[in-house]
Amino acid sequence: MTQRIAVLGATGSIGDSTLAILAAHSQDYEVYALSGYQRLDKLFALCQQFQPARVCVPVSEVDSFAQRLNEAGLRIDVVSGDRGLIEIATDPQVDTVVAAIVGAAGLPSTLDAAKAGKRILLANKEALVMAGEVMMETVKRHSATLLPLDSEHNAIFQCLPLAIQQDNTQIHTASHGVRKLWLTASGGPFLHESFAQMQQASVAKAVKHPNWSMGQKISVDSATMMNKGLELIEACHLFDLSEEMINVVIHPQSIIHSMVEYRDGSFLAQLGSPDMKTPIAHALSYPARIDSGVQPLDLYALSGLEFIKPDLQKFACLRLARQAMQAGTQATIVLNAANEIAVAAFLAEQVRLTDIADINEQALSEIQVPLLDAHADIDDILAIDALARRYTETLVAKIAYGT
Ligand code: NAD
Ligand code: MG
């Protein structure tokens, strides 16, 4: 039977990779709905190519986009804004939601997809950083399925025994023997550069990742290693582990995508070319396997896989992520919000790359937020997110305008 897919964030990098696989397997997957926020010409072209039943655009664009589709003879239902994303994510016709919006903007639709019991392919790590407990609890309560697209988490998922894949609380059962998780990190474009060089980095240099081609925000996060920090928090929620059970190791070749260490001394790793189409194909077809179109690894050409301990002074964001995870959800929300504002300010050339960690640290230590307990809901989460964004804007302004 064909699976009906909604791709939220269809115009981005994960959207591209997902749609390439869906196009190659059109007999098994139907592109039922798409969303885009910027690059609406690209979204229009995708509507022509895939002819989805529904499309979501920003509120301000709904009339002009609908008219454009009409003129092209395309009968597609146009919805808009956050409400439109939720309509698509919960549409009874949809089996699988690919959550590939970047940042906090992806949280409400992902959470509602869980409430609607969907199969969710999660790229939007920020949703788990902000609302990990609520999200995991909602997935369980509504018998939704959450499959990680982030390459590291997808790798770990693949290296875990079936019983844990199906029920993450089983990771605590000693008989499964998991001792630790190892998240690999590429180290980004500044791995071998000094802090001073990093301080002077241009936007162009910071977004040029050595191994992966990704959206701008995650590329900056990789340069500061905040990405690995967010992934550490993501892993704690996905696999129901505390942060000390998860190690980070820099592996500049990005061939091993992460590992599970077992008590008998075994390390299980997932290897592959650094191409997101592999984890996406895995999650789309799980538990079956389909062709992803990715070049197989040439093992004879591979040599010298390196493993390096991260420098937490140079990559302070990684230290901050552990600290926030220990402090609790309210702190991970603040860290995520502060980081989104700081990264946007760096991309707008208002602050330096190395200011991002300072801004995040200041936000974490200065913003007074209530402790969130297990009963916190999405409104509590969004209120802390909004407060943290407003406060961080003032921190950015101080640096940008030297006040
Ligand atoms: P991207 O910037 O290329 O694309 C982001 C998508 O989100 C676009 O379709 C954009 O239109 C949409 N979007 C942006 N702001 C929005 C808003 N306010 N409302 C609605 N839609 C909005 O980003 P990406 O690299 O594809 O990353 C997407 C997510 O996947 C991120 O959370 C990222 O951390 C995660 N991820 C990406 C990669 C990768 O290789 N690109 C790998 C692992 C995880
Ligand atoms: Mg990743």
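The first residue in the sequence is number 1, and the count goes up from there. Indexing begins at 1, ligand by ligand and atom by atom, following the structure's order. Please read all numbers here as calculations on a predicted model, not as lab measurements.
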Using only heavy-atom distances, determine whether the side chains of Q326 and E243 contain a donor-acceptor pair under 3.5 Å.
yes
Could you work out, with side-chain contact (heavy atoms from CB on, under 4.5 Å) as the rule, every residue matching L268, not counting sequence neighbours?
C159, Y262
Between N124 and E126, a side-chain donor and acceptor under 3.5 Å
yes
Is there any ring-ring contact (aromatic ring centres under 6.0 Å, His included) pair reaching into residues 284-322, and which pairs are they, with sequence neighbours excluded?
F157-Y286, H251-F307, H282-Y286
Those residues with a heavy-atom separation under 4.0 Å from ligand 1 are G9, A10, T11, G12, S13, I14, G36, Y37, Q38, A100, I101, V102, A105, A123, N124, K125, E126, D150, M214, G215, I218, M276
Side-chain donor-acceptor pair under 3.5 Å between N227 and E231, yes or no?
yes
Flag for H209-S186: side-chain donor and acceptor within less than 3.5 Å
yes
Under 2.8 Å from the Mg ion (ligand 2), the protein N, O or S atoms found are D150 OD1, E152 OE1, E231 OE2
Could you tell me if H172 and D240 have a donor-acceptor pair between their side chains, going purely by distance under 3.5 Å?
yes
Are more than 12 heavy atoms from other residues, nucleotides or ligands located less than 6.0 Å from atom CD of E71?
yes
Have Q27 and T2 got a donor and an acceptor in their side chains that come within less than 3.5 Å?
no
